[in-house]
Amino acid sequence: MKKSYDIVIIGGGIIGCSVAFELAKRGRKDVLVIEQEYLTSGATGRCGAGIRQQWGSLLNATLAKDSTDIFENIEEYTGYDGDCGLNQGGYLLVAYTEKEWDQFQKNLEVQHSIGIESYAVDLDGVRDIVPHINTEGMYGATFCAKDGHANPFHCTYAYAKGAGKMGVDIETYTKVTGFTTENGRIKTVHTSKGDVEAKVVLNCTGGHAAIMAAQVGDELPIFPERHQILITEPVAHIMSPMVMSFERHFYVQQTPHGSVIMGIGDPAETTSLNINPTWQFLEFCSHLVTQTLPAFRDLRVVRQWAGMYDMSPDRNPIINEAKTAEGFITIAGMSGHGFMVAPRIATLLANYLTGMQDSLDIKLFSAERYEKGELLLEPSVV
């Protein structure tokens, strides 16, 4: 680790590593990535790793579609010699209310406007896609075959190794302890391994982002929220797509090797840095999911864990430069969708920092939107 860098990135998840890669790809190689534990030790390594393009807002649909294009070729794109495990078994989004079903039709219009190959299915179609599903109470569903999931560890390593080959430095097990500003600009990052001067600091610390930003006087409406998940024993493969319900707050998928992963967005979850799993989640999630997928009732749970979402008020990303410390930029507020949009967020930020044109306006993601009442509302989140 040198004494100074052009850019210091705090956070070694997929956001931090993909941004480092894209910066180096554009010639900005004097970059340091700092991670307090190991790469993916935070939210990235604890996520469900879903990748879906079926969104209700044009912005999220665009981020997801562009990111999917990269995920489909991520090994070649980054020069990675491993397998990032992309499995495009599709997402089946089920509707349980008339209002939700109407919203799905509006979502499809948005998706089709940018070439996303999603479509509506009736209840017979739902059973054709997932034969063992219980369709009682459903109005219908939408499906996109290009949705799926990937391995979050390998995807992050692909970006990290690609960045490293181009000259980016990565320091793990290094804790950021504070910052020094000078004349309204970021100047120094204090770490457990010494001080590092930087022209630009990128705060990619997820649920800890607001705490980190507050150290330079930037108050951001990002808050951490625990989300729990479980995985079962592997069994014969009976389901290819992710099945998701916004109304009932669950998602469930069967991995290629047969294990079933499921989670819920618990409306009762409170703001907290707590990532301890609970037996109440195990009971509630199992009961909720097996109402829709009764074939999974007798599966044995192998493990459960919790991760941390970095939530924003409108459930959309925040990319914000601190007014109190020029050069200090927070990239957070992904609200549980950071993995699936990381590739496009990375190209957007790298283009901005290197002065390259981009089809998206990065100012859309500024936290100033909350002051102006210009929220980026998304109707389709768990």
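Because the structure is a prediction, the values reported are computed rather than measured. No hydrogens, no waters, no symmetry mates; every other heavy atom, side chains included, goes into these values.
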Colleague: Hey, what do you get for CD (E171) to CD1 (I34), rounding to the nearest 0.5 Å?
Modeller: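 Here the rounded value is 8.0 Å.
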
Colleague: Does the side chain of S380 pick up a donor-acceptor pair with the side chain of N107 at under 3.5 Å?
Modeller: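 The answer is yes; a qualifying pair exists.
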
Colleague: Is the shortest heavy-atom distance from the side chain of F281 to the side chain of I264 under 4.5 Å?
Modeller: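 When only atoms from C-beta onward are counted, I264 and F281 do touch, with a gap below 4.5 Å.
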
Colleague: Testing the 3.5 Å rule here: is there a donor-acceptor pair between the side chains of S57 and E378?
Modeller: yes

Colleague: Does the side-chain contact (heavy atoms from CB on, under 4.5 Å) test come out yes or no for V235 and E233, once each step is laid out?
Modeller: CA-CA 6 Å; V235 291; E233 63 184 332; 4.2 Å; yes

Colleague: When rounded to the nearest 0.5 angstrom, what is the spacing between CD1 in I331 and OG in S18?
Modeller: 9.5 Å

Colleague: Measuring from I261:CD1 to Q304:CD, what's the distance to the nearest 0.5 Å?
Modeller: 13.5 Å

Colleague: Where do A367 and L220 come nearest, in terms of heavy atoms and distance?
Modeller: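 Nearest pair, atom of A367 first, then L220: CB-CD2, 3.8 Å.
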
Colleague: Determine, stepwise, if the pair I319 / L348 fulfils side-chain contact (heavy atoms from CB on, under 4.5 Å).
Modeller: CA-CA 10 Å; I319 302 176; L348 172 64; 4.1 Å; yes

Colleague: Using side-chain heavy atoms (C-beta onward) and a distance below 4.5 Å, is L93 in contact with F246?
Modeller: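 Side-chain contact under 4.5 Å: yes.
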
Colleague: Kindly compute the distance separating OG1 (T205) from CD1 (I15), expressed to the nearest 0.5 Å.
Modeller: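 T205 atom OG1 to I15 atom CD1 measures 11.5 Å (nearest 0.5 Å).
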
Colleague: Atom CG of L92 and atom CE of M239: how far apart are they, to the nearest 0.5 Å?
Modeller: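 Answer for the CG-CE pair, L92 versus M239, is 9.0 Å.
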
Colleague: Specify whether F328 and F179 have parallel, tilted or perpendicular ring planes, treating 30° as the upper limit for parallel and 60° as the lower limit for perpendicular.
Modeller: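 Because their plane-to-plane angle is over 60°, the rings of F328 and F179 count as perpendicular.
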
Colleague: Sort out for me which residue in V8, I10, D169, I9 forms a side-chain contact (heavy atoms from CB on, under 4.5 Å) with V33.
Modeller: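 Checked V8, I10, D169, I9 against V33; only one passes side-chain contact (heavy atoms from CB on, under 4.5 Å): I9.
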
Colleague: H227 and G265: which non-hydrogen atoms are nearest, and at how many Å?
Modeller: CE1-CA, 3.9 Å

Colleague: With a cut-off of 6.0 Å (strictly less than), are more than 12 heavy atoms of other residues, nucleotides or ligands near NE2 of H257?
Modeller: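 Atom NE2 in H257 is packed in, count exceeds 12.
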
Colleague: Under 4.5 Å between any side-chain heavy atoms of V200 and D6, yes or no?
Modeller: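 The answer is no, as the side chains (C-beta and beyond) never meet within the 4.5 Å cut-off.
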
Colleague: Taking the side chain as everything from C-beta on, heavy atoms only, tell me whether M308 gets closer than 4.5 Å to L273.
Modeller: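 In short, these two side chains touch, coming nearer than 4.5 Å.
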
Colleague: With under 30° as parallel and over 60° as perpendicular, where do the rings of W55 and H337 fit, or are they tilted in between?
Modeller: perpendicular

Colleague: Looking at K25, I'd like to know if its NZ atom is crowded, meaning that more than 12 non-hydrogen atoms belonging to other residues, nucleotides or ligands lie closer than 6.0 Å.
Modeller: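 Counting other residues, nucleotides and ligands, NZ of K25 exceeds 12 neighbours.
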
Colleague: Would you say that M262 contacts V260 through its side chain, given a criterion of any heavy-atom pair below 4.5 Å between the two side chains?
Modeller: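 When only atoms from C-beta onward are counted, V260 and M262 do touch, with a gap below 4.5 Å.
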
Colleague: Please check if atom CD in Q105 has more than 12 non-hydrogen atoms from other residues, nucleotides or ligands closer than 6.0 Å.
Modeller: yes

Colleague: Under 3.5 Å, is there a donor-acceptor pair between the R226 and N276 side chains?
Modeller: no

Colleague: Say whether S118 and Q111, considering side chains only, have a donor N or O and an acceptor N or O under 3.5 Å apart.
Modeller: yes

Colleague: For K363, is the NZ atom crowded, meaning more than 12 foreign heavy atoms sit under 6.0 Å from it?
Modeller: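 Open: at most 12 neighbouring heavy atoms sit under 6.0 Å from NZ of K363.
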
Colleague: Does the side chain of M334 come within less than 4.5 Å of F339's, by heavy atoms?
Modeller: no

Colleague: Does a sphere of radius 6.0 Å around NZ in K193 hold more than 12 heavy atoms from other residues, nucleotides or ligands, not counting ones at 6.0 Å or beyond?
Modeller: yes

Colleague: What verdict does the salt bridge (Lys or Arg N to Asp or Glu O under 4.0 Å) test give for D124 and R127, after you've listed the backbone C-alpha separation in whole Å, the side-chain angles of each residue and the deciding distance to 0.1 Å?
Modeller: CA-CA 5 Å; D124 287 336; R127 289 186 287 266; 2.7 Å; yes

Colleague: Quick one: do Y38 and F153 satisfy ring-ring contact (aromatic ring centres under 6.0 Å, His included)? Show the steps, please.
Modeller: CA-CA 11 Å; Y38 55 88; F153 302 97; 8.0 Å; no

Colleague: Can you label the angle between the Y159 ring and the Y77 ring as parallel, tilted or perpendicular, going by 30° and 60°?
Modeller: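 It falls in the perpendicular class, over 60°.
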
Colleague: In terms of hydrophobic clustering (I, L, V, M, F, W, Y; side-chain heavy atoms under 4.5 Å; direct or indirect links), are Y309 and V382 co-clustered?
Modeller: no

Colleague: Regarding Q228 and T278, is there a side-chain donor-to-acceptor distance under 3.5 Å anywhere?
Modeller: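 Side chains of Q228 and T278: pair found under 3.5 Å.
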
Colleague: Please step through side-chain contact (heavy atoms from CB on, under 4.5 Å) for the pair E197 and K3, ending with a clear verdict.
Modeller: CA-CA 6 Å; E197 292 192 357; K3 295 295 184 182; over 6 Å; no

Colleague: Under the criterion side-chain contact (heavy atoms from CB on, under 4.5 Å), I'd like the reasoning laid out for N60 against R315: C-alpha separation, chi angles, the key distance, then a yes or no.
Modeller: CA-CA 10 Å; N60 271 338; R315 307 302 187 258; over 6 Å; no

Colleague: What verdict does the salt bridge (Lys or Arg N to Asp or Glu O under 4.0 Å) test give for K146 and E72, after you've listed the backbone C-alpha separation in whole Å, the side-chain angles of each residue and the deciding distance to 0.1 Å?
Modeller: CA-CA 9 Å; K146 292 187 72 175; E72 288 179 331; 3.4 Å; yes

